[in-house]
K.L.:
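Dumping the structure here so I can ask a few things about it.
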Amino acid sequence: MPHTLLAFGLGTGTRSAAGAWLEVLFPQPLADPSPVLAEIIHAWAGTNEVIEPSREALLALAGRLDAAGEATQAGIARNIAQDPAHAVVVALPQDLPLRSVPEAYLKLQLLSHRLRRPHEQNLDGLFAVLPNVAWTSEGAIAVAELPSRVLTARCAGRTLTVHAVDKFPRMVDYVVPSGVRIADGSRVRLGAWLGEGTTVMHEGFVNFNAGTEGPGMIEGRISAGVVVGAGSDLGGGCSTMGTLSGGNKTRISVGKQCLIGANAGIGISLGDRCTVEAGLYVTAGARVSLLDETGTLQRVVPARELSGGSDLLFRRNSQSGAIECLSNRAAIALNAALHAND
Ligand SMILES: CC(C)(COP(=O)(O)OP(=O)(O)OC[C@H]1O[C@@H](n2cnc3c(N)ncnc32)[C@H](O)[C@@H]1OP(=O)(O)O)[C@@H](O)C(=O)NCCC(=O)NCCS
């Protein structure tokens with residue numbers, strides 16, 4: 001039986017003083033590595049999925065990878081062999097719930113490298129597995145060790161700055177996908193999936209397992225699990241409802257060429273070429289008046305019945321306060337100059 005792998009990565013990470021993994025960088029993770037590579041890994045690691053190899057073992061692996069023409073992976077193996085205490089290799093034959101920090105970081109990096117799309121991988125157990133980490137000017141530090149590290153740095157004449165305390169690091173510290181602009185790196189978490197031509201402005205935010213097909217202008221929040229189609233524009237401060245907290249169980253998506261206006265929000269999915277008026281939050285249960293071409297009321301439906309529909313314009317009638325839905329005549333054309341990312 002040939003051996004197959006779903007995911008593979010040679011990594012180098014940070015451990016707590018007690019030796020627990022805090023984070024792992026996989027410079028060139030692989031999804032569905034070639035059968036040749038899968039055989040090499042199996043011969044080297046057996047059925048182990050998370051390996052903490054010795055220097056010698058890594059150099060032996062590098063030799064086998066070189067012999068098979070896998071020069072890039074061989075080079076990474078040699079690099080991480082220089083610091084074996086921080087080296088880790090992950091080889092996953094199946095897509096099981098997460099059990100370790102290295103596995104979690106591999107799957108998050110596959111997303112941000114665009115090697116797996118949102119929802120393609122089993123991320124069950126992610127929050128239980130990921131430790132809360134202080135992300136500092138001196139790298140990842142276990143939160144419990146922070147006071148002593150701050151003091152040590154001060155006494156050595158350095159100032160240790162804490163950028164964040166979170167389970168997820170900034171994506172850009174691990175991977176910068178081609179053709180993207182990110183105005184504030186702290187607004188995009190590792191595990192975000194940003195397509196070519198995506199711009200995330202300062203008010204924009206992209207969570208893990210969520211993102212954009214690209215091109216697109218993101219000035220609002222893309223919650224965990226939400227995927228935004230090509231050519232769509234999320235206006236300043238707008239919101240896409242997530243499923244992690246607050247009771248919403250429905251995973252939301254936004255189709256192509258949609259505009260969610262500034263400070264607007266959606267609790268339903270949008271199809272293609274939809275517009276939501278600035279400031280209007282369309283929640284799933286909200287009653288929506290459907291208007292025909294002449295502006296005459298046809299019927300009133302809960303917004304969830306319109307979920308996924310295309311060519312819709314949602315607005316709040318400025319006189320009656322009712323949420324209205326009309327056909328959207330103006331498709332959103334992205335401004336080419338604004339969206340150039342080279
Ligand atoms: C909803 C929206 C798209 C409508 O824009 P528009 O299609 O250009 O519409 P107009 O303002 O030209 O109005 C068209 C008609 O609809 C009416 N209308 C528009 N909004 C209305 C409202 N909230 N209630 C009642 N009538 C409304 C207008 O009075 C006008 O009527 P008329 O044809 O009888 O004169 C726009 O108001 C909007 O919210 N755009 C979002 C922009 C944005 O936030 N971009 C992101 C920046 S970061």
Side-chain angles (χ1 to χ4, degrees), residues 180-184 186-188 192 194-195 197-207 210-223 226-242 252-284 286-303 306-341:
V180 303
R181 274 199 289 151
I182 300 170
D184 179 349
S186 66
R187 305 283 295 176
V188 180
L194 297 189
T198 300
T199 296
V200 185
M201 292 302 288
H202 304 76
E203 278 298 298
F205 168 75
V206 189
N207 214 328
T212 56
E213 298 268 1
M217 176 59 83
I218 308 302
E219 301 188 70
R221 301 185 299 280
I222 301 183
S223 301
V226 175
V227 171
V228 175
S232 286
D233 190 335
L234 267 57
C238 80
S239 153
T240 51
M241 206 182 273
I252 283 174
S253 62
V254 176
K256 297 179 174 48
Q257 290 177 285
C258 290
L259 168 65
I260 305 181
N263 284 351
I266 52 164
I268 60 168
S269 289
L270 301 180
D272 298 335
R273 299 171 303 278
C274 291
T275 300
V276 180
E277 181 185 33
L280 168 62
Y281 210 117
V282 184
T283 52
R287 296 303 192 253
V288 178
S289 301
L290 295 181
L291 306 186
D292 69 9
E293 301 300 310
T294 63
T296 310
L297 175 65
Q298 295 300 302
R299 58 199 170 99
V300 176
V301 297
L306 303 171
S307 183
S310 292
D311 299 298
L312 302 179
L313 167 74
F314 294 89
R315 72 180 186 197
R316 184 175 300 278
N317 188 298
S318 56
Q319 290 182 295
S320 69
I323 300 178
E324 297 175 336
C325 179
L326 306 76
S327 348
N328 192 15
R329 293 210 186 82
I332 304 305
L334 281 174
N335 178 325
L338 270 179
H339 292 261
N341 284 346

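Atom set for the values below is all heavy atoms of this structure, side chains included, hydrogens, waters and symmetry mates excluded. Counting starts at 1 for both ligands and their atoms, in listed order.
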K.L.:
Just to be sure I'm reading this right: ignoring hydrogens, which of Leu259, Ile260, Asn328, Leu313 gets closest to atom 40 (N) of ligand 1? Compare them by their nearest heavy atoms.
P.N.:
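Result: the heavy atom closest to atom 40 (N) of ligand 1 is in Leu259.
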
K.L.:
Checking side chain to side chain contact (heavy atoms under 4.5 Å, CB included) between Val200 and each of Ile222, Val188, Thr212, Leu234, which is the one that passes?
P.N.:
Val188

K.L.:
So which heavy atom on Leu313 is nearest to which on Asn328, and how close?
P.N.:
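Closest approach of Leu313 to Asn328: N-CB, 3.9 Å.
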
K.L.:
Does an N or O from Glu324, backbone or side chain, lie closer than 3.5 Å to an N or O of ligand 1?
P.N.:
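No.
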
K.L.:
If you measure from each non-hydrogen atom of Gln319 to ligand 1, which part falls under 4.0 Å: side chain, backbone, both or neither?
P.N.:
neither

K.L.:
I need the contact type for Glu277 against ligand 1. Using non-hydrogen atoms and a strict under-4.0 Å cut-off, is it side chain, backbone, both or neither?
P.N.:
both

K.L.:
For atom 44 (O) of ligand 1, which candidate among Gly220, Gly235, Ala262, Cys238 provides the closest heavy atom?
P.N.:
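It is Ala262 whose heavy atom sits nearest to atom 44 (O) of ligand 1.
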
K.L.:
Numbering the atoms of ligand 1 from 1, which are under 4.0 Å from a heavy atom of Thr275?
P.N.:
3 (C)

K.L.:
Considering the options Val282, Ile266, Asp233, Val228, which one meets the side chain to side chain contact (heavy atoms under 4.5 Å, CB included) requirement together with Ile260?
P.N.:
Ile266

K.L.:
Looking only at distances, please establish whether an N/O atom of ligand 1 is found under 3.5 Å from an N/O atom of Glu219.
P.N.:
no

K.L.:
Looking just at side-chain N and O atoms, do Gln257 and Ser232 make a donor-acceptor pair shorter than 3.5 Å?
P.N.:
no

K.L.:
Using a strict cut-off of 4.0 Å, indicate which atoms of ligand 1 neighbour a heavy atom of Arg316.
P.N.:
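That gives atoms 22 (C), 23 (N), 24 (N) of ligand 1.
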
K.L.:
Within this structure, what is the CZ-CZ distance for the pair Arg221 and Arg187, rounded to the nearest 0.5 Å?
P.N.:
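CZ of Arg187 is found 7.5 Å from CZ of Arg221.
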
K.L.:
Can you see which heavy atom on Gly265 is nearest to which on Val276, and at what distance?
P.N.:
O-CG1, 4.3 Å

K.L.:
Using a strict 4.0 Å cut-off to heavy atoms of Asn317, name the atoms of ligand 1 that fall inside it.
P.N.:
24 (N)

K.L.:
Do Arg273 and Asp311 meet the salt-bridge criterion of a basic N to acidic O distance under 4.0 Å?
P.N.:
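Yes.
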
K.L.:
Which atoms of ligand 1 are found less than 4.0 Å from any heavy atom of Gly236?
P.N.:
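Listed by number with element: 48 (S).
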
